[in-house]
Amino acid sequence: MLLAGMMTGRAFAVEPVKISRDDTALDLTATTEIYTGRGEAFQVSTAPGTDGIVRRIEVRATSDEHQGDWAVFALANVSEEQIDRLIVAPHFRLVQSKLFWPDLGAKRIISITPSEGFALDRQQSEEADVFRITLNPGTVVTFVAELATPDLPQIYLWEPDAYKDTVNAFTLYRGIVLGIAGLLAVFLTILFVVKGTSMLPATAALAWAVLGYICVDFGFLSKLISITAGDERIWRAGTEVFLAAGLVVFLFTYLNLNRWHAHLSYATLAWILGLGLLFGVAIYDPPIAAGIARLSFALTGTVGIILIAYLGFNRYDRAILLVPAWALILVWLFGAWLTVTGQLNNDIIQPALGGGLVLIVLLIGFTVMQHAFAGGAYSQGLFSDLERQSLALTGSGDTVWDWDVARDRVVTIPDISIQLGLAPGVMHGPARNWLPRLHPDDRDRFRATLDVLLEHRKGRLNHQFRVRAEDGHYHWLSIRARPVLGANGEIIRCVGTIIDITEQRNSVDRLLQDALHDNLTGLPNRQVFLDRLQSILSLTGSSDNVRPTVLTIDIDRYKQVNDALGIAAGDNILIALTRRLRRLLKPQDTLARLSGDQFGLILMSERDPAKVADFADAVSKAIMVPINFGGREIILTASIGLVSWVDQQEDAPGLLNDAELAMYRAKKAGGNRVEPFRPAFRTFGADRLQIETDLRRAIERKELSLVYQPIVRLKDAEIAGFEALMRWDHPKRGNISPAEFIPIAEASDLINQLGLFAFDKAASDLMDWQLQTGDLPVFVSVNLSSAQLLNNELYNDVRAALAKTRCEPQKLKLELTESIVMENPEQARLILAKLKDIGLGLALDDFGTGHSSLSYLTRFPFDTIKIDKALVRDGSDKRGVLLRSVISMARELEMQVVAEGIESEEDAIELGNMGCEYGQSYLFGPPIGYDSVQRLLKERFPLMKRA
């Protein structure tokens, strides 16, 4: 029968709610039965009357808004008087409105039909469906409500006067809350216009969002504009979205999260844009928009407490000041959650939550104003002075050092113990706990500094000290702090910063080390050597035991070893030699590196001349010990200059200069020897310097010239060419031999200028001779030095000289020796090949004196061999065999042969018979000048004269 009743739209009788005159308000929600989808005609059985009879009534829908949903409840007047009551169904209740797809309110009841009498009269109300009923004494009436929606969150039975008083009471409360909310919104907006800081517009926006929400929730909006129940749902969803967005914007702006990480800015922007889209969603589906907004409330509260806790622990004052307001927000969110889930269910909770929002904005406004007016007129913009200092300290990366003097407790923020590799908090506690960790040399100074600060009660703490880390290494720390005085004038705290300056100190130490020591060997440099020597010399007059001996040590052939094996090998060799020399020294002796491969030594441990000589010999032998490098054995020698102190007037630079003069003398004598200083060396050194100075000006003063020694063909004694030789006519010293000034030029940077002068002059003279006598079948040979061959500009200089003089390259030859080629064989081969390509002749001079000359004939593009005079003049029986072999080999290689130093005509004839083509010696003529060559050529080649 039940199934049949449901299929026909019928409902069974309900239990009536008994009413007496003392009942001012009854909640009928639990006793009201809801029937959904029953169509336009609804049949229901009434509650049993006083006579116990159950009747059947049928109710039909009266409005197009009806969707077939009905509600049934019954009331029984158990009193003996007539009772007037109001049936009230609120349009919206936050209670049990749900978190997801919340119920945002609507018109609930279209009409109510009693089981007896006429339909109930609707009372005017914008917030609820209100119907007036009158119950006679002892009657039982069943009421059928025609519903506009299937949901009926709450239905009350009110005594009319009590309902009126309640409405009036809530109206007064709501007016007060609305007034406060409106004033807050206007005040914060004005404050924003006055101060202009970014926190104020965000706070004002939040205040306006709260005001909008309360206007809708308290029904104030419907008094301003005409809205329907459906429009109210859109407004309610929109204000909830606005409130959620305002809370997010306020949190981001107040904490200034864009400074902490860029990703926070992006996340917040995406969050706000998402909430902005919800305004559009609210128009089409308000429950979805409101549900997402309520989720945003919960997420904002969670994220906010995390950010405030993190920034608060990092001493960010804004986060700390926001703690009370955010705690109130969390309490409000918790109460709202209990309300929407129905765990709090009364009529007070909804307006109380509205008032809580106003209280939150009020507290936030006070917090923001505290920042806005911090520092008076001097604090403008985004940060307070305290915050600026905090941010500056955080940005610098310094550690805060806080010594609570009253409790004798040191705290560092962040904990410096972790930086030192120690357990957290080890460096916290009494100041005396720092002493065991300090370097022994710094402990007394650290303790004394703190004692002086406490005693004088003023000044600043500016101290650098070393602290031992867990790995045993010491860190340099710099502490800068100032005392804080209490009311009694005593120091209560000492606060400042502490910085790890280990890198800076190490850099300074390295700079000092490099300024005073050689960074390769670690030895003192020349300046320190002279300073120590001067200090020793200052003691010579007061003590007979102070008699220093200075040694300068120069490694022979070090440049060749460095070029052959590389710079790295050369450095390793110097380090090895340094270790050997140090082993010979005693504590009072000093070893220094004066320059590249030159060492200086102050010998104080020996005064006896014989023992000093033995020591110098020991130094020489130590250097000669073979060095194994890269699978090869390297043997080096040294030129050692030695000078002992004898003159009271001698200073350190002079003594060192004497030792260097002696060393240069030893090197000039062939090296691998110890040379004691003699006063005559000073004249030699001065002469050498003066010659170098005069040589620099010799070219400008036209003191340099060329002479030419003839080279003749042996078969007919005809002139075939000349060798250009340089001469220097010094204005004071007369003619200076090339053997004297050429080595000086090679040791300086002058040899390139002299070589270029010789080539240019020889080519120019040859062209002049040809202009005077015609086209001559002669050539001119010019000597090439090692410095020229290693100069990258040689090729370009030669081409420029040829272009300037217009001389034919085939009539010029460049002469160079075996030793010149071997200084850098690969570069020599490349440059000589380029010179050969432009047509110049190449002659290998002094052939026959080297140990590997034959290999050069195939590796380098020589076209001429000049046999050394030592081989030509050799009086042994094997001379002829050697000469024939050399000449025969040269002819097989299609090379010309020039014999130097021929002393007799018999030798000339013999060499010619062997196949030697040319000869050069005083037998054929001495070197002659430009004019003499010109006359000689006119005499020997008369047919070459031009008409």
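Treat the numbers as computed from the prediction; the structure is a model and nothing was measured. If you read the sequence from its start, that first residue is 1, and numbering goes on from there. Side-chain atoms are counted along with the backbone in the values below, which use heavy atoms only and exclude waters and symmetry mates.
- A distance of 3.5 Å separates CZ in F677 from CG in D658, rounded to the nearest 0.5 Å.
- Atom-to-atom distance recorded for I501:CD1 and H475:NE2 is 12.5 Å, nearest 0.5 angstrom.
- In terms of the salt bridge (Lys or Arg N to Asp or Glu O under 4.0 Å) criterion, D589 has no residue partners (sequence neighbours excluded).
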Could you tabulate the donor-acceptor pairs under 3.5 Å formed by side-chain atoms of residues 611-621, not counting sequence neighbours?
residue : atom : partner : partner atom : Å
D617    : OD2  : K621    : NZ           : 3.2

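- Ionic pairing of K813 and E815 is not present here: no N-O contact between side-chain nitrogen and carboxylate oxygen is shorter than 4.0 angstrom.
- Between Y922 and Q709 there is a side-chain heavy-atom pair separated by less than 4.5 Å.
- Partner D554 forms a salt bridge (charged side-chain N to carboxylate O under 4.0 Å, His left out) with one of K667, R593, K559 and no other, that one being K667.
- Between the side chain of R443 and the main chain of L438, a donor-acceptor pair closer than 3.5 Å is present.
- When all heavy atoms are compared, the tightest approach of R727 to P738 is NH1-CG, 3.5 Å.
- For the 3.5 Å distance criterion, the side chains of S921 and K869 fail to qualify, holding no donor opposite an acceptor.
- Looking only at distances, no side-chain donor or acceptor of R665 sits under 3.5 Å from a matching main-chain atom of G641.
- A pairwise comparison of heavy atoms in P927 and V707 identifies CB-CG2, 3.6 Å as the closest pair.
- Considering only heavy atoms from C-beta on, L656 comes within 4.5 Å of F529 through its side chain.
- Taken from OG1 in T590 to CD1 in I536, the straight-line distance is 5.5 Å, to the nearest 0.5 Å.
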Can you check side chain to side chain contact (heavy atoms under 4.5 Å, CB included) on D471 and L420, steps first, answer last?
CA-CA 8 Å; D471 57 5; L420 299 175; over 6 Å; no

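- In this structure, M726 and F757 approach most closely via the heavy-atom pair CE-CD2, 3.9 Å.
- Ring-plane geometry between W434 and F446 is classed as parallel, the angle between the planes falling under 30 degrees on a 0 to 90 degree scale with a further cut at 60.
- In this structure the side chain of V898 never reaches within 4.5 angstrom of the side chain of I865, judged on heavy atoms.
- The closest side-chain heavy-atom distance from V872 to D907 is not below 4.5 Å.
- Formation of a donor-acceptor pair under 3.5 Å by the S888 side chain with backbone atoms of S885 is not found in this model.
- Between W476 and I499, every side-chain heavy-atom pair lies at or beyond the 4.5 Å cut-off.
- Contact record, P524 with A592: O-CB, 3.1 Å, taken as the closest heavy-atom pair.
- Taking 4.0 Å as the cut-off between side-chain N and carboxylate O, R696 and E703 do not count as a salt-bridged pair.
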Please step through side chain to side chain contact (heavy atoms under 4.5 Å, CB included) for the pair L816 and L844, ending with a clear verdict.
CA-CA 6 Å; L816 57 159; L844 180 61; 5.6 Å; no

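- From K834, atom NZ reaches atom CG of L794 across 9.5 Å, with rounding to the nearest 0.5 Å.
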Evaluate the side chain to side chain contact (heavy atoms under 4.5 Å, CB included) criterion for residues F759 and D797: first the C-alpha distance (whole Å), next the side-chain angles of each, then the deciding distance (0.1 Å), finally the verdict.
CA-CA 10 Å; F759 186 86; D797 292 341; over 6 Å; no

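- Paired with N672 under the rule side chain to side chain contact (heavy atoms under 4.5 Å, CB included), one option of L636, I640, I623, D556 passes, and it is D556.
- Residues T552 and Y664 have side chains not in contact (no heavy-atom distance under 4.5 Å, counting atoms from C-beta outward).
- Considering only heavy atoms from C-beta on, L695 comes within 4.5 Å of W728 through its side chain.
- Considering all non-hydrogen atoms of both residues, V897 and A890 come closest at CG2-CB, 3.4 Å.
- For the atom pair CG (L577) and OH (Y558), the distance works out to 8.5 Å, reported to the nearest 0.5 Å.
- In the model, H730 has a side-chain atom that pairs as donor or acceptor with a side-chain atom of D694 under 3.5 Å.
- Other residues, nucleotides and ligands place more than 12 heavy atoms under 6.0 Å from the CD atom of E633.
- Put simply, the side chain of T521 never gets that close to the backbone of T578: no donor and acceptor are under 3.5 Å apart.
- Under a 4.0 Å N-O distance rule, the pair K866/E723 qualifies as a salt bridge.
- Counting only distance, with no hydrogens or angles, the side chain of D863 and the backbone of M895 share no donor-acceptor pair below 3.5 Å.
- Looking at heavy atoms from C-beta onward, I627 lies in side-chain contact with R580 at the 4.5 angstrom threshold.
- Distance CG/L533 to CE/M604: 9.5 Å, rounded to 0.5 Å.
- Within a 6.0 Å radius of CZ in R799, no more than 12 heavy atoms belonging to other residues, nucleotides or ligands are found.
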Verdict with supporting geometry, V798 and L835, side chain to side chain contact (heavy atoms under 4.5 Å, CB included):
CA-CA 8 Å; V798 168; L835 294 174; 4.2 Å; yes

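- For Y474, the ring pair (Phe, Tyr, Trp, His ring centres under 6.0 Å) partners at least two apart in sequence or on another chain are H439.
- Taking every heavy atom of both residues into account, A801 and D760 meet most closely at CB-OD1, 3.9 Å.
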